[in-house]
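Chain naming here is simple, since letters A, B, ... match the order of the sequence lines and numbering starts at 1 in each.
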Amino acid sequence: MPELAEVEHTRRKWDVGIGQPVREVVIHKPAARVFRKIDPAHLQSRLKNQPLVSSEAKGKQMIFRFGKKADRCLGIHLGMEGLLRVEPPDFAPAKHDYLLLRQAAQSLVFSDHRLFGLILYFEGAAADRWWDALPPAVTSDEFTLAALTTFVQRRKGTALKPLLLMQERFPGVGNWMADEILWRAGLHPETRAGKLAPPATERLWKMTREVCERAIEEMAEDWSYPDTWLFPHRWEDGGACPQCGSDLERKIIGGRRTCWCPHCQPAPTRLTPSPKNARQAA
DNA sequence: GGAGTTGTTTAGGA
DNA sequence: TTCCTAAACAACTC
């Protein structure tokens, strides 16, 4: 489940190869779905003998820059279960290892057993256009309370859970992170965005930033989080709220598995019918 | 063997 | 037209 923090952590794995040229680009299965947007043979010829010079992550997207001018760029999205690994230089790709960059000291491997990941390739100005067009990080200065307020008003009919999964506004937030944010903000995942009062919108804004910042700092090597987070409790059967001890509830909301605390995140109150509607009902 | 899971895209409905 | 929902994609685990 690669979300913002896992993506950042994953990106750094390949940094061991910075400064070294790629001796060979191995495309394990050129017809694999991960290459659906590019010609893998082109990628193969353009990266050969080029040094890896830098890497960067933005939300769930990663960019690896190659070449003396850093203008040959590999874009990677991990999808649901994509992974980056480092293997010995003579490593032979296994079944789900679709891309392998062989360097003198190691091989950089991209694997994805479910094929929801995506490999992209851009050169020169096209790389900058792609990277610059990605939405600003929720930890950046551009993610303001005003911007969030505008967004929740425009998406007033959307429940908060699917709202937080919209990458155009919350890049990097995935399924568990959305649950964590709503839990900390004390907001029920089925609350409609348009029903948020200003203080609730502000809590949502603060907790979105807090969870995204702290996730990168506090994630352990095995992608686990402290017991004080909702994270370790949301997976187990049953499970209790680490704040109040109540039994956690689970349900599919917006098509996604959702976990929340019924005590800390009370269900949205029903609308009181207007006098006119009440007369019609009677 | 069937259900459940994960993120994004797309098609279709309201 | 805009917004929202649900299905499809693939392959593995339980």
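Less than 4.0 Å separates DNA chain C from at least one heavy atom of each of the following residues of residues 144-154 of chain A: A/R154.
Residues meeting the side-chain contact (heavy atoms from CB on, under 4.5 Å) test with A/R33, sequence neighbours left out: A/R36, A/L115, A/F116. With sequence neighbours excluded, no residue satisfies salt bridge (Lys or Arg N to Asp or Glu O under 4.0 Å) with A/K13. A/E213 is linked by a salt bridge (Lys or Arg N to Asp or Glu O under 4.0 Å) to nothing, counting only residues two or more places apart in sequence or in another chain.
Out of B/dT8, C/dT5, B/dT5, the shortest distance to the side chain of A/R192 is found at C/dT5.
Residue A/V109 shares its hydrophobic cluster (ILVMFWY side chains chained together at separations under 4.5 Å) with A/V26, A/F91, A/L100. When hydrophobic residues (I, L, V, M, F, W, Y) are linked wherever their side-chain heavy atoms come within less than 4.5 Å, the members clustered with A/L248 are A/W183, A/L230.
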Considering only nitrogen or oxygen atoms on both sides, find all protein atoms under 3.5 Å from nucleotides 11-14 of chain C and state each distance.
{"residue": "C/dA11", "atom": "O4'", "partner": "A/H113", "partner atom": "O", "Å": "3.4"}
{"residue": "C/dA11", "atom": "N1", "partner": "A/R114", "partner atom": "NH2", "Å": "3.3"}
{"residue": "C/dA11", "atom": "N3", "partner": "A/R114", "partner atom": "NE", "Å": "3.2"}
{"residue": "C/dC12", "atom": "OP1", "partner": "A/H96", "partner atom": "NE2", "Å": "2.7"}

Could you write out each protein N or O paired with an N or O of nucleotides 12-14 of chain B at a distance under 3.5 Å?
none

side-chain contact (heavy atoms from CB on, under 4.5 Å) evaluation trace for A/F110 with A/L83: CA-CA 6 Å; A/F110 165 83; A/L83 288 172; over 6 Å; no
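The list of side-chain hydrogen bond (donor to acceptor under 3.5 Å, both in side chains) pairs with a residue in residues 153-165 of chain A, not counting sequence neighbours, reads A/R155-A/E168, A/K161-A/N175, A/K161-A/D179, A/K161-A/T258. For residues 49-72 of chain A, the salt bridge (charged side-chain N to carboxylate O under 4.0 Å, His left out) pairs, not counting sequence neighbours, are A/R65-A/D128. Every pair tested for side-chain hydrogen bond (donor to acceptor under 3.5 Å, both in side chains) that includes a residue from residues 140-151 of chain A fails, sequence neighbours excluded, so the list is empty. Each salt bridge (charged side-chain N to carboxylate O under 4.0 Å, His left out) pair with one or both residues in residues 88-110 of chain A, not counting sequence neighbours, appears once here: A/E24-A/R102, A/R85-A/D97.
When rounded to the nearest whole Å, the span between CZ of A/R250 and C1' of B/dG4 equals 14 Å. Protein atom CE of A/M80 is 15 Å distant from nucleotide atom P of B/dG4, rounded to whole Å. The distance from atom CD of A/E168 to atom C1' of C/dC3 is 11 Å, rounded to the nearest whole Å. Rounding to whole angstrom units, CZ of residue A/R155 and P of C/dT5 are separated by 11 Å. In this entry the distance linking CZ of A/R33 with P of B/dT9 reads 10 Å, nearest Å. For A/N175 and B/dT5, the CG to P distance is 9 Å, given to the nearest whole Å. The interatomic distance linking A/R257 (CZ) with B/dA3 (P) rounds to 15 Å, in whole Å. Computed from coordinates, the A/L164 CG to B/dT8 C1' distance equals 17 Å when rounded to whole Å.
Within 4.0 Å (heavy atoms only), A/I252 reaches sugar-phosphate atoms of the nucleic acid but no base atom. A/G255 comes within contact range of no nucleotide atom at all, as no heavy-atom separation falls under 4.0 Å.
Under the 6.0 Å cut-off for aromatic ring centres, A/W176 and A/Y225 qualify, their centroids lying closer than that.
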